[in-house]
Amino acid sequence: MENEIRMTFLSKRCNIVVIRNMIGAMIIENNPTITFINELKTVISEAITNCIVHGYQNQEDKYIDLNIFIKPEKIVIDIIDKGIGIDDIEQAKEPLFTTKADEERSGLGFTIMELFSDLLVVESKKDEGTFIHLEKNW
Ligand SMILES: Nc1ncnc2c1ncn2[C@@H]1O[C@H](COP(=O)(O)OP(=O)(O)OP(=O)(O)O)[C@@H](O)[C@H]1O
Ligand SMILES: [Mg+2]
């Protein structure tokens, strides 16, 4: 069944579990494998964590937009923040590159997103925000 959910939520870590559960509920009709569900939850968690930690520098009063499109052949997810933006997208996508090495970050978020999705598009502008487009085929 084709479906679409568009939502806006506060940049709080506690919302990651809400989104993980929601996306699981949303795709259950498509009979995904456990692996598919886990990969999708991982991808979306990495993207939202980046919005919170990097885009908004852990400020909890900012908003993240999430659009989910269920299509016959794939699931499409857009995640948008209006935070600090990414200086150099190609560099940011390199495995182990992080601007927060002093914290618990390992620089693998984008690598994981690429591994577990069929298409990853990143658009970003300094001080304007970041747009992440992900597609995963069923
Ligand atoms: N939404 C965003 N806004 C601003 N900068 C971002 C955003 N997402 C990623 N970045 C930048 O890209 C870098 C790489 O992101 P990536 O998710 O690969 O690694 P990380 O978040 O630093 O570490 P990890 O995901 O392993 O905890 C980040 O360190 C950050 O500088
Ligand atoms: Mg990350």
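For ligands, and for the atoms within them, numbers begin at 1 and follow the listed sequence.
For a threshold of 3.5 Å applied to N or O pairs, the pair formed by Glu104 and ligand 1 contains no separation below that value. The N/O atoms of His54, backbone and side chain alike, include one that comes under 3.5 Å of an N/O atom in ligand 1. Among the atoms of Thr111, none of the N or O lies under 3.5 angstrom from an N or O of ligand 1. Taking any N or O of Ile86, backbone or side chain, none lies under 3.5 Å from an N or O belonging to ligand 1. Close N/O approach between Met113 and ligand 1 is not found [any backbone or side-chain N/O within under 3.5 Å].
Taking every heavy atom of Phe97 and a limit of under 4.0 angstrom, the matching atoms of ligand 1 come to 14 (C), 19 (O). Within ligand 1, counting atoms from 1 as listed, the ones closer than 4.0 Å to a heavy atom of Ala92 are 12 (O), 14 (C), 18 (O). Atoms of ligand 1 found under 4.0 Å from any heavy atom of Thr98 (numbered from 1 in listed order, with element): 20 (P), 22 (O), 29 (O). Close approach of ligand 1 to Glu46 is summarised as follows: ligand atoms under 4.0 Å from at least one heavy atom of the residue are 25 (O). Taking every heavy atom of Gly85 and a limit of under 4.0 angstrom, the matching atoms of ligand 1 come to 4 (C), 5 (N). Here is the list of ligand 1 atoms found below 4.0 Å of a heavy atom in Gly55: 2 (C), 3 (N), 4 (C).
Here atom 1 (N) of ligand 1 lies nearest to Asp81 when heavy atoms of Ile52, Ile84, Ile79, Asp81 are compared.
At the top of the distance list for atom 18 (O) of ligand 1, counting protein heavy atoms only, stands Phe110 N, 2.9 Å. Among protein heavy atoms, the minimum distance from atom 27 (O) of ligand 1 is reached at Arg105 NH1, 2.9 Å. The protein non-hydrogen atom at the shortest distance from atom 8 (N) of ligand 1 is Asn50 CB, 3.3 Å. Scanning the protein heavy atoms around atom 16 (P) of ligand 1, the nearest turns out to be Gly109 N, 3.6 Å. In this structure, the protein non-hydrogen atom closest to atom 23 (O) of ligand 1 is Gly107 N, 2.9 Å.
Cluster annotation: Leu115 is connected to Leu96 through the hydrophobic network of ILVMFWY side chains, with a link wherever side-chain heavy atoms come within less than 4.5 Å. Hydrophobic cluster membership differs between Val18 and Ile5, with clusters built from Ile, Leu, Val, Met, Phe, Trp and Tyr side chains linked at under 4.5 angstrom.
Of the candidates Ile132, Ile44, Asp78, Ile44 is the only one forming a side chain to side chain contact (heavy atoms under 4.5 Å, CB included) with Leu66. Across Thr130, Ile64, Ile80, a single residue satisfies side chain to side chain contact (heavy atoms under 4.5 Å, CB included) together with Cys51, and that is Ile64.
Annotation: side chain of Arg6 is not in contact with side chain of Asp65 (no heavy-atom distance under 4.5 Å). At least one side-chain heavy atom of Ile68 sits less than 4.5 Å from a side-chain heavy atom of Met26. Residues Asn50 and Ile79 form no side-chain contact, since every pair of their non-hydrogen atoms from C-beta on lies 4.5 Å or further apart. Side-chain contact check for Glu135 versus Glu73: every heavy-atom pair is 4.5 Å or farther apart.
Residue Asn50: an N/O/S atom is found under 2.8 Å from the Mg ion (ligand 2).
Scanning both residues, Gly109 and Glu46, for their nearest heavy atoms gives CA-OE1, 3.4 Å.
Neither the backbone nor the side chain of Lys93 has a heavy atom within less than 4.0 Å of ligand 1. Contacts between Thr99 and ligand 1, counted as non-hydrogen atom pairs separated by less than 4.0 Å, involve both the backbone and the side chain.
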- Would you please test Phe9 and Ile48 for side chain to side chain contact (heavy atoms under 4.5 Å, CB included) and show each step? CA-CA 11 Å; Phe9 60 93; Ile48 295 171; 3.9 Å; yes

- Are Leu134 and Phe116 close enough, and set up right, to give a side chain to side chain contact (heavy atoms under 4.5 Å, CB included), and what steps lead you there? CA-CA 10 Å; Leu134 291 154; Phe116 289 157; over 6 Å; no

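For Lys93, the NZ atom is densely surrounded, since the number of other residues' heavy atoms within 6.0 Å is greater than 12.
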